[in-house]
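So that the names make sense, note that chain A is the first sequence line, chain B the second, and so on, each numbered from 1.
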Number of protein chains: 2
Amino acid sequence: MKSDQIMSVFSEGCHPLSSADILERLQHNKVAIDRATVYRQVSRLKELLKLRVVDLGDGVTRYELNEDHHHHLVCLRCKKIVAIDLSKKTEGLLQQIEQTYKSEQNFILLTHNLAFFGICSDCQYL
Amino acid sequence: MKSDQIMSVFSEGCHPLSSADILERLQHNKVAIDRATVYRQVSRLKELLKLRVVDLGDGVTRYELNEDHHHHLVCLRCKKIVAIDLSKKTEGLLQQIEQTYKSEQNFILLTHNLAFFGICSDCQYL
DNA sequence: ATATCTGCAAATTTTTTGCAAAAAG
DNA sequence: CTTTTTGCAAAAAATTTGCAGATAT
């Protein structure tokens, strides 16, 4: 089953991967897979909430595991992506927000996306 | 100048707009504009921090004014988008996060993206 | 045997680019 | 006059679809 092989490339590292990245990694691992299959399975995995979309603002759609929820810091100049862990700081707040929308609008929250954009230290004097 | 006309469609409403949306709205307003111009100007406005990318998890790149920073609640079933204002709840925290990454990594944060995904009340019993 | 998954090729959609004319400074 | 912006057409990139054969249940 190709979806397992797709899931396995996400286990290799923690960076968000585009469809092209997934394809490349699988081919590098000698797994024959078609582009269309990647798209179809990623879409399915997204619906099953195994993966989620990470849009880092550069027009490329990337995905990552929907577990171990980390966030991202993205440099607007060099596009470097740094994974950050805000769970301690945000956990209470996000739970509170979940409660609020559950009771106010009966909206059941399942996941979220949080990314920060700015200029990294290497790019500040360019 | 076409970028002013692009900016003006964002003032009409508060929903995030894709490139196709912008084109459609301008054409509806009898403004002749080419697709390429929309892409070029949006990219420029993004660099000038007048617009920012909004990630609603469906792989479509959308933009909104980078002022009045609201967040979004997105229904994973019907794709309904609800704009929410978390500024009171998150302001302190986001400022604290900005400080943390400024001092720890010398990363200057300029903007962020926060969206919640779940099932809206209309879709829960489908 | 039936239903699901896959590769392949083609179609569609989205975004980018080169270039010459138009507009702005 | 020089620089920037625009439209047009074409190219490139990203995503989706139809279909027939392969896999799995």
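- The residue A:Ala32 sits close only to the backbone: its heavy atoms come under 4.0 Å of sugar-phosphate atoms, none of a base.
- Residues A:Asn113 and A:Arg52 have side chains that bring a donor and an acceptor to within less than 3.5 angstrom of each other.
- Two residues, B:Met1 and B:Arg35, neighbour DNA chain C, and the one matched to the more 5' nucleotide by heavy-atom proximity is B:Arg35.
- For B:Ile33 and C:dA23, the CD1 to P distance is 15 Å, given to the nearest whole Å.
- Remark: B:Lys2 is in phosphate contact with D:dG7, judged by side-chain N or O atoms under 4.0 Å from OP1 or OP2.
- Contact annotation: the side chain of B:Leu56 approaches that of B:His72 to within less than 4.5 Å [non-hydrogen atoms, C-beta and beyond].
- For the pair A:Lys50/A:Asn66, no side-chain contact is recorded, criterion being any heavy-atom separation below 4.5 Å from C-beta on.
- In this structure, the CD atom of B:Gln41 is 15 Å from the C1' atom of C:dT17, given to the nearest Å.
- The distance from atom CD of A:Glu24 to atom C1' of D:dA14 is 15 Å, rounded to the nearest whole Å.
- Per the geometry, CZ belonging to B:Arg44 stands 16 Å off P belonging to C:dT17, to the nearest Å.
- One atom, CD of A:Gln5, and another, P of D:dT23, lie 13 Å apart when rounded to the nearest Å.
- Nearest-nucleotide assignment on DNA chain D puts the 5′-proximal partner with B:Ser3, out of A:Asp34 and B:Ser3.
- Contact annotation: B:Thr61 side-chain N/O to C:dT14 OP1/OP2 distance is not under 4.0 Å.
- If you take CG of B:Leu23 and P of C:dT13, they are 14 Å apart, rounded to a whole angstrom.
- A sub-4.0 Å separation between OP1 or OP2 of C:dT16 and a side-chain N or O of B:Tyr39 is absent.
- The closest side-chain donor-acceptor pair between B:Asp34 and B:Thr37, if any, does not fall under 3.5 angstrom.
- Atom CD in B:Gln99 sits 9.5 Å away from atom CG in B:Leu109 (nearest 0.5 Å).
- Following rounding to the nearest Å, B:Arg40 (CZ) and D:dT4 (P) show an atom-to-atom distance of 15 Å.
- Summarising the geometry, the separation between CD1 on B:Ile6 and C1' on D:dT6 is reported as 11 Å, rounded to the nearest angstrom.
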